[in-house]
Novice: 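My questions will all concern the structure given below.
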Amino acid sequence: MDNVVDVDEERSQQKLSVNSTPYQTQECVLYGSIYIKNVPDLERRLAGLCDPGCEEFFEHEMSFSLRTASTYDLKTDINSLVHSNDMMTYAKSLGLRMDYEYITQGKLWTKGNIKILHATLTKTLKAGTYDSSSIKSMSDSALVEISISLPESAEYMPAAKSLRDFADQLMPLVHMEKVDYWKKMFSTPTAPAARR
């Protein structure tokens, strides 16, 4: 398939606004989920649709927050130095405590400039223990994400259409949709209509 968006550098440089730089990008993303038992079917479909090969990935993410009994408990002397070869010891010495952690494992596929990834989320039953008996799946589904990046000044509609066309080829295994988090996060619930 040819490039989705035909943007030559000279035209894109002219379209850049005063506040934008050439390395800024915009991204079109579709999300979906699939039962883990159907992931092999999805992988066979992707093997036929995508560029040859895929990359496996494994991510371990931890979220920390600052929790101290009082602000006076935390030493903030500018001349102090904290050093440790162990990340957890270092974070603890700063007054950070782990809120949650999760492990993502999956595969990344490409189709030209379209990226497709599917991943399962797992968590550990005991922090710091990562053997197979301690890791538990967070659900019986895998996350699927299809995205495309393009220059900030480029018209995104052709890229969005090609993304939607690709996503439609994955149906009925997975239904991909746009999720507008900003509208969901900042929308106010409407009051129910009064009954008469």
Side-chain angles (χ1 to χ4, degrees), residues 19-21 23-40 42-43 46 54-110 114-150 152 163 167 170 174-191:
N19 295 330
S20 66
T21 58
Y23 58 84
Q24 291 177 321
T25 62
Q26 59 183 333
E27 188 173 37
C28 299
V29 184
L30 295 174
Y31 297 99
S33 66
I34 187 170
Y35 286 116
I36 292 174
K37 66 180 182 179
N38 295 330
V39 167
L42 175 65
E43 288 182 349
L46 290 173
C54 65
E55 292 290 325
E56 291 189 25
F57 67 91
F58 179 88
E59 294 178 349
H60 184 180
E61 186 160 327
M62 297 180 192
S63 174
F64 294 87
S65 62
L66 184 60
R67 283 192 243 149
T68 56
S70 70
T71 55
Y72 300 107
D73 292 345
L74 186 63
K75 296 180 181 177
T76 56
D77 183 10
I78 294 173
N79 295 323
S80 66
L81 175 68
V82 178
H83 177 271
S84 175
N85 291 331
D86 178 22
M87 185 218 33
M88 295 302 284
T89 304
Y90 177 75
K92 195 172 184 178
S93 67
L94 294 175
L96 298 173
R97 300 297 177 260
M98 187 169 59
D99 286 330
Y100 65 89
E101 70 176 325
Y102 66 89
I103 300 165
T104 308
Q105 187 172 2
K107 292 183 181 178
L108 172 69
W109 305 75
T110 59
I114 296 175
K115 294 184 291 188
I116 307 98
L117 67 85
H118 66 79
T120 56
L121 292 175
T122 56
K123 63 181 178 179
T124 180
L125 299 175
K126 183 181 175 193
T129 307
Y130 307 108
D131 58 16
S132 59
S133 63
S134 300
I135 295 201
K136 180 184 175 193
S137 180
M138 293 178 81
S139 81
D140 59 350
S141 297
L143 299 173
V144 181
E145 178 183 306
I146 303 176
S147 64
I148 187 169
S149 296
L150 30 128
E152 183 184 37
L163 199 65
L170 300 180
V174 59
H175 176 72
M176 304 299 296
E177 61 184 39
K178 175 184 172 187
V179 179
D180 196 345
Y181 291 107
W182 291 105
K183 284 185 181 177
K184 286 186 177 186
M185 191 169 21
F186 295 112
S187 65
T188 55
T190 56

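Throughout, numbering of the chain's residues begins at 1 and tracks the sequence.
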Novice: Nearest heavy-atom pair of Val39 and Ala142: which atoms, and what distance?
Specialist: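 Distance-wise, the nearest heavy atoms are CG2-CB, 3.9 Å.
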Novice: Taking all atoms of both residues into account, what is the closest heavy-atom pair of Leu66 and Leu94, and its distance?
Specialist: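 Looking at all heavy atoms of both residues, the shortest contact is CD1-O, 3.6 Å.
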Novice: Would Leu150 and Thr25 count as a side chain to side chain contact (heavy atoms under 4.5 Å, CB included) if you check the C-alpha gap in whole Å, the side-chain angles of each, and the deciding distance to 0.1 Å?
Specialist: CA-CA 5 Å; Leu150 30 128; Thr25 62; over 6 Å; no
Novice: Show the nearest heavy-atom pair for residues Cys28 and Leu163, with the distance to one decimal.
Specialist: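 Of all heavy-atom pairs spanning Cys28 and Leu163, the closest is O-CD2, 3.4 Å.
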Novice: Taking side chain as C-beta onward, heavy atoms only, is Ile146 less than 4.5 Å from Val29?
Specialist: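 SC-SC contact between Ile146 and Val29 ruled out.
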Novice: Using a strict 4.0 Å threshold on nitrogen-to-oxygen distance, state whether Glu43 and Lys107 make a salt bridge.
Specialist: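 Yes.
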Novice: Determine the minimum heavy-atom distance between Gln26 and Glu152, stating which atoms define it.
Specialist: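 Closest pair (atom of Gln26, atom of Glu152, distance): NE2-O, 3.4 Å.
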Novice: Taking all heavy atoms of Lys123 and all of Glu101, pick out the closest pair and write down the distance.
Specialist: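 Scanning both residues completely, I find the closest heavy atoms to be CB-O, 4.2 Å.
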Novice: Mind checking the CG-CG spacing from Leu108 to Leu117? Nearest 0.5 Å is all I need.
Specialist: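 Between atom CG of Leu108 and atom CG of Leu117 there are 6.0 Å.
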Novice: Restricting to salt bridge (charged side-chain N to carboxylate O under 4.0 Å, His left out), what partner residues turn up for Lys115, sequence neighbours left out?
Specialist: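 Partners of Lys115 under the salt bridge (charged side-chain N to carboxylate O under 4.0 Å, His left out) test: none.
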Novice: If you compare all heavy atoms of Asp99 against all heavy atoms of Phe64, which two are closest, and at what distance to 0.1 Å?
Specialist: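 Looks like OD2-C, 4.0 Å.
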Novice: Quick check: do Phe57 and Thr104 have side-chain heavy atoms less than 4.5 Å from each other?
Specialist: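 Yes. Closest side-chain heavy atoms under 4.5 Å.
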Novice: Do Arg97 side-chain atoms and Lys92 backbone N/O form a donor-acceptor pair below 3.5 Å?
Specialist: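 Present.
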Novice: I want to know whether Tyr130 and His60 have ring centres closer than 6.0 Å.
Specialist: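 Here the rings of His60 and Tyr130 have centres that are less than 6.0 Å from each other.
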